[in-house]
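The chains referred to below are lettered A, B, ... by the order of the sequence lines, with proteins before strands, and numbering in each begins at 1. Heavy-atom basis, side chains included; hydrogens, waters and symmetry copies ignored.
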Amino acid sequence: MTRPSRSSQLSDRLTPWLLPVALLIAWEIGARSGLIEQRVLPAPSNVAIAFWENAKSGALAHHVWISFHRAMAGLLVGGGIGFALGVLNGVSRNAERLLDSGLQMLRNVPHLAVIPMVILWFGIDETAKVFLVAIGTLFPIYLNTFHGIKTIDRGLIEMAKVNGLGPLAIFWRVILPGAMPSVLVGLRYALGIMWLTLIVAETIAASSGIGYMTMNAREFLQTDVVVLGILVYALLGKAADTATKLIEHRVLAWHPAYHGDVRALP
Amino acid sequence: MLKRVDDRDGQSTGADAGNAAAPQEHLGKSVRLRNLQLSFGPRRVLQDLNLEVPARQFLAIVGRSGVGKSSLMRLLVGLDKPSGGEVLIDGAPVTRLQKSVQLMFQDARLLPWQTVLSNVGIARLPDWRDASLEALRDVGLEDRQNDWPAVLSGGQRQRVALARVLVRHPSVLLLDEPFGALDALTRAEMHGLLEKLWLRHQFTTLLITHDVAEAVALADRVVVMRDGRVTFDVDVPAPRPRERIDAELAALQAKILKEV
């Protein structure tokens, strides 16, 4: 009786892959037979070869490392400021009155629209890219932190007060953990925007990074390298998402949605 | 009818206030409300409320919803300030939150991101782990100390909340309909537990409830609140532990019901 169930389990596992693999095969055949022009879309095997060559020469690692660096620097600056502003406005009504409507106005400016200004201010060096990523990641983290703090159960804060907790203890033990699920949603949004912003920034003005690598390849009609660059972005995006999920599982272990084997001590 | 309890106001708690150097600090303290008033804008919630609760008494305050019972609790614990009059604990006026008066809410209000043990010891007093475990033992939940609150049942959560109150050794325990959301069986269990703990720890207890049967089953004395003041006041002369409501108590219950 185990045999059919095992084979059905296997087919359950394989089914989602059928379509992508079929597409890949069709693509390869199409490219080889000349149905799809190499200049329009390179064959998957050519992309694999491009990957191998770039990886061997160390160029890929170099560009990925530089892009990663920029992304993280931008996220740290933008996310840090967004978080701080979210906390400030969430905790203080006066700060909210002073800052929130201004921030909402800025938030609605597409941050990529300021690229010409950014180039004027910072030229095309690192600061420009980090600045753009920072602007892009600031608002999702700000909004979600602010919202997370605003929606904390007032009853819990009252309970903490009755139990003699001071403002600082209430912040660390009640407000911050309570806002954490929302902050992490903000982080996930921010990561998506982070890569998007970086791609645009690197394709417009850069002399290194994945964006530069793909733009450079385009100049020489190396479509295989362009596709490789796109794939690398996809992988980096996926990696960032997985990292956030891991963080969520650790930080939100108390949350019913994440209950597993984890029973952390205080 | 409104005058019925006014004669109690004449007495003074000066004797209690003089005994400031009492050795057993966490033993029950007396509570006195003097001409207590509370209004939210034009709405008067409490008007000239006078009530005296001797130390270690178990008092139940009964009333329909919206008569200001919960507001009264918030004044007693020091979360809100009265519009007029004062609250005296052992003769000393309440001006801010104080450790000797502890409030148990209608909902458990546990921090979902802290374990049961950390929730009980939320005040983080010295040796809070041992003290919290002791309190959890008191309410019969010591084996759930490392669980998240989310996996507990409603009754268990209220028991954790009770342990959180006990760990601070209150002199006055305020209970704001703590069993209102529980099923009948769990509620009866909690009644037994509360009575046992009250007999052991000897704190003055003020229980707010809209359930007259609960009031009669637990309290030494029942007062009825209506229109922001005390309109009826009666002792419940029954031996403890009270396992059954006999004919006499049932009659008393009917009498109180008429006043609510």
Check: Going from CD on Glu158(A) to CG on Leu103(B), what distance comes out if it is rounded to the nearest 0.5 angstrom?
Finding: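 Here the rounded value is 8.0 Å.
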
Does [atom1] belonging to [X] count more than 12 external heavy atoms closer than 6.0 Å?
X         : atom1 : value
Tyr189(A) : OH    : no
Arg200(B) : CZ    : yes
His69(A)  : NE2   : no
Lys245(A) : NZ    : no
Arg64(B)  : CZ    : no
Arg154(A) : CZ    : yes

Checklist line | Options Gly78(B), Pro112(B), Ala123(B), ranked by heavy-atom pairs under 4.5 Å with chain A, top entry | finding: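 Among the listed options, the one with the most contacts to chain A is Pro112(B).
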
Next item on the list: Please check if the side chain of Arg173(A) supplies one atom and the backbone of Ile122(B) the other of a donor-acceptor pair under 3.5 Å.
Entry: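 Answer holds: yes.
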
Next item on the list: Select one option (side chain, backbone, both, neither) describing which atoms of Leu79(B) are under 4.5 Å from chain A's heavy atoms.
Entry: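 The side chain, not the backbone.
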
Note to self: Please classify the contact of Leu110(B) with chain A as side chain, backbone, both or neither, using a heavy-atom distance under 4.5 Å.
What the structure shows: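 Interface part for Leu110(B): backbone (N, CA, C, O).
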
Notebook entry, point to check: Do the non-hydrogen side-chain atoms of Thr115(B) and Trp254(A) ever get within less than 4.5 Å of each other?
Noted result: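 Thr115(B) does not reach Trp254(A) side chain to side chain.
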
Margin query: Do Asn163(A) and Gln102(B) have side chains that approach each other closer than 4.5 Å (heavy atoms only, starting at C-beta)?
Written below: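 A side-chain contact exists here, since the closest heavy-atom pair is under 4.5 Å.
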
Note to self: Which heavy atom of Trp113(B) sits nearest to which heavy atom of Val174(A), and what is that distance?
What the structure shows: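 That would be CZ2-O, 3.1 Å.
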
